[in-house]
Amino acid sequence: MEANHEEKRNAALKRALLILSCVLLSIGACGGPLIMRLYFIHGGKRVWLSSWLETGGWPIIFIPIALAYYHRRTTEGPSTKLFFMKLPLFIASAVIGLLTGLDDYLYAYGVARLPVSTAALITAAHLVFTALFTFLLVKQKFTSYSINCVFLLTIGAAVLGLNTSADRPKGESDKQYIAGFMMTLSSAALYGFVLPLVELTYKKAKQTITYALVLEIQLVMCLFATIFCTVGMLINNDFKVIPREARNFELGERRYYVVLVFSAIVWQGFFLGAIGIIFCASSLLSGIVIAVLLPVTEILAVIFYHEKFQAEKGVALALSLWGFVSYFYGERKYSKQKGSKMKNEKEKEVEIGKKDTPETAEVSQLDP
């Protein structure tokens with residue numbers, strides 16, 4: 001009875017954590033690109049600075065780590081460890097962090113050169129690469145529902161990309177546009193590799209993966225990604241240019257710094273949400289949630305930046321919602337079947353146990 005109660009409690013906590021991670025990812029996936037676009041629309045030019053902001057808010061992660069530590073300390077005493085991460089996991093997290101830093105730059109370069117609608121191509125490629133690498137790296141099992149979801153979301157994102165020429169920035173050369181396009185696709189491929197790589201790290205780690213340890217992994221990843229982008233900023237002299245760019249910012253100098261700070265905070269929500277979903281479910285689900293949020297970002301761009309809401313965006317929204325519902329319906333159906341199967345197996349074990357009791361054995365011996 002106690003074991004069943006503990007299992008139900010852990011399942012409820014994991015479900016709550018999954019919901020929280022989805023909320024954080026929603027805030028980051030929708031808010032991050034919009035704030036980054038706000039920076040470029042109103043006079044921002046520094047690509048390395050924008051990429052730095054994607055992970056530069058990593059000190060925020062110390063807050064939940066400290067809260068978790070003080071909670072453990074009240075129950076375990078002064079001998080409680082602040083950090084659990086061992087050296088092999090630290091090295092793996094650092095390598096993934098450097099890859100994330102490179103991906104940050106590729107993505108920021110694409111956003112600086114391409115219209116918002118072209119983000120559809122990022123997501124279309126991103127989801128395909130995520131599905132491919134989850135199959136190759138972590139042996140993800142696909143159901144008909146998950147395949148249907150990936151297909152619908154990919155088609156929906158590609159539909160959004162059909163009308164990118166209508167939103168193409170004025171005065172941009174073909175060379176710049178093609179460079180932004182290639183950077184965007186490279187970013188999609190790389191992040192499609194990073195998500196399953198994080199899940200593989202969880203599986204191969206020679207220590208128990210708890211959410212507290214997941215936060216430490218995220219801290220190290222963001223730290224090394226920020227170091228990577230900091231080197232780029234130093235080479236590009238971005239730190240010297242920031243005060244001058246702030247004075248010339250169309251929204252004002254004070255709002256320039258507000259945009260930078262909020263950008264760093266919102267992007268942390270994206271990364272914390274992504275790794276939380278990987279911890280609670282899978283990297284495939286993390287990629288699916290990101291894809292589903294694309295049409296939401298498009299609608300928000302229409303509201304805040306007065307972009308046109310073409311028919312393609314409505315079709316993409318419908319396909320994305322359909323794919324999302326399809327995935328969760330399939331997962332719920334699979335969970336019920338799995339639960340029913342486990343219940344039947346337990347009932348069989350109980351029946352076998354009853355047959356093998358001492359009383360039954362004694363009766364069978366006395367029976368002529």
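The first residue in the sequence is number 1, and the count goes up from there.
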Q: Can you confirm whether F151 is buried at CZ, in the sense that more than 12 heavy atoms of other residues, nucleotides or ligands lie under 6.0 Å from that atom?
A: no
Q: Side-chain contact, heavy-atom cut-off 4.5 Å: E245 with K45?
A: yes
Q: Strictly by modelled atom types, are T134 and S283 linked by a side-chain donor-acceptor pair under 3.5 Å?
A: no
Q: Would you say CZ of F262 has more than 12 non-hydrogen atoms from neighbouring residues, nucleotides or ligands within 6.0 angstrom?
A: no
Q: I'd like to know if V214 and F83 are part of one continuous hydrophobic network [Ile/Leu/Val/Met/Phe/Trp/Tyr, side-chain heavy atoms within less than 4.5 Å].
A: yes
Q: Are I41 and L38 linked, directly or through intermediate hydrophobic residues, by side-chain heavy-atom contacts shorter than 4.5 Å (ILVMFWY only)?
A: yes
Q: Testing T226, D238, L260 for side chain to side chain contact (heavy atoms under 4.5 Å, CB included) with W52, which one passes?
A: T226
Q: Side chains of Y107 and E54: any donor to acceptor distance under 3.5 Å?
A: no
Q: Side chains of L215 and L272: does their closest heavy-atom pair fall under 4.5 Å?
A: yes
Q: Side-chain contact, heavy-atom cut-off 4.5 Å: F270 with L25?
A: yes
Q: For L213 and T208, what are the C-alpha separation, side-chain angles and deciding distance, and is it a side-chain contact (heavy atoms from CB on, under 4.5 Å)?
A: CA-CA 8 Å; L213 185 56; T208 304; over 6 Å; no
Q: Say you draw a straight line from CD1 of I217 to SG of C222; how long is it, rounded to the nearest 0.5 Å?
A: 12.0 Å
Q: Quick check: closest heavy atoms across A94 and V220, and the distance to 0.1 Å?
A: N-CG1, 3.8 Å
Q: Does R255 make a cation-pi contact with Y257, if we ask for NZ or CZ under 6.0 Å from the ring centre and within 45° of the axis?
A: no
Q: With a 4.5 Å cut-off on side-chain heavy-atom distances among I, L, V, M, F, W and Y, is there a chain of contacts connecting I275 to F62?
A: yes
Q: To the nearest 0.5 Å, what is the distance between CD1 on I19 and CD1 on I277?
A: 11.0 Å
Q: Taking the six-membered ring of Y211, is NZ or CZ of K14 closer than 6.0 Å to its centre and within 45° of its axis?
A: no
Q: With distance as the sole test, does S286 use its side chain to make a donor-acceptor pair with the main-chain N or O of S282 at under 3.5 Å?
A: no
Q: Indicate yes or no for a side-chain donor-acceptor contact from Q207 to the backbone of F84 under 3.5 Å, with no hydrogens or angles considered.
A: yes
Q: Can any side-chain N or O of S187 pair as donor or acceptor with the backbone N or O of M183 at less than 3.5 Å?
A: no
Q: So, for P64 and I60, which heavy atoms are closest and what is the spacing to 0.1 Å?
A: CD-O, 3.3 Å
Q: Does the side chain of I65 come within less than 4.5 Å of L219's, by heavy atoms?
A: yes
Q: Atom CG of L18 and atom SG of C280: how far apart are they, to the nearest 0.5 Å?
A: 5.0 Å
Q: Would you call F279 and L17 a side-chain contact if the rule is heavy atoms closer than 4.5 Å?
A: yes
Q: Treating Ile, Leu, Val, Met, Phe, Trp and Tyr as nodes and any side-chain heavy-atom pair under 4.5 angstrom as an edge, say whether L293 and I265 lie in one connected cluster.
A: no
Q: At what distance, to the nearest 0.5 angstrom, does OG of S51 lie from OH of Y109?
A: 13.0 Å
Q: Could you walk me through whether W267 and M36 satisfy the side-chain contact (heavy atoms from CB on, under 4.5 Å) test, starting with their C-alpha distance in whole Å, then the side-chain angles of each, then the deciding distance to 0.1 Å, before giving a yes or no?
A: CA-CA 10 Å; W267 276 117; M36 184 179 287; 3.9 Å; yes
Q: Anything under 30° is parallel, anything over 60° is perpendicular, the rest tilted; go ahead and classify W48 against F228.
A: tilted
Q: Any chain of hydrophobic side-chain contacts (each under 4.5 Å) joining L67 to L24?
A: no
Q: Identify the heavy atoms of Q268 and T55 that sit nearest to each other, and give their distance.
A: NE2-O, 3.5 Å
Q: Taking side chain as C-beta onward, heavy atoms only, is F193 less than 4.5 Å from L137?
A: yes
Q: Between N248 and R244, is there a donor-acceptor pair closer than 3.5 Å when you use the side chain of the first and the backbone of the second?
A: yes
Q: Within this structure, what is the CG-NE2 distance for the pair L251 and H42, rounded to the nearest 0.5 Å?
A: 4.5 Å
Q: Looking only at heavy atoms, what is the nearest atom pair of F133 and G192, with distance?
A: CD1-O, 3.5 Å
Q: Which label fits Y256 and Y39: parallel for a plane angle under 30°, tilted from 30 to 60°, or perpendicular past 60°?
A: tilted
Q: Roughly how far, to the nearest 0.5 Å, is OG1 of T184 from CG of L106?
A: 9.0 Å
Q: Start with the C-alpha distance between I242 and M233, add both sets of side-chain angles, then the distance that settles side-chain contact (heavy atoms from CB on, under 4.5 Å), and finish with yes or no.
A: CA-CA 11 Å; I242 288 174; M233 288 183 68; 4.2 Å; yes
Q: Among D103, L185, T100, which residue meets the side chain to side chain contact (heavy atoms under 4.5 Å, CB included) test with L190?
A: D103
Q: How about L49 and N236: do any of their side-chain heavy atoms sit closer than 4.5 Å?
A: no
Q: For P196 and V138, work out which heavy atoms get closest and say how close.
A: O-CG1, 3.8 Å
Q: What pair of heavy atoms forms the shortest contact from P33 to G28, and how long is it?
A: CD-O, 3.7 Å
Q: Under 3.5 Å, side chain of R72 to main-chain N/O of K81, donor-acceptor pair present?
A: yes
Q: Listed by chain and number, what are the side chain to side chain contact (heavy atoms under 4.5 Å, CB included) partners of L234, not counting sequence neighbours?
A: T230, F239
Q: Please check: side-chain N/O of R37 versus main-chain N/O of V111, any donor-acceptor pairing under 3.5 Å?
A: yes
Q: Would you say the side chain of M221 lies within less than 4.5 Å of the side chain of L99, judging by non-hydrogen atoms?
A: no
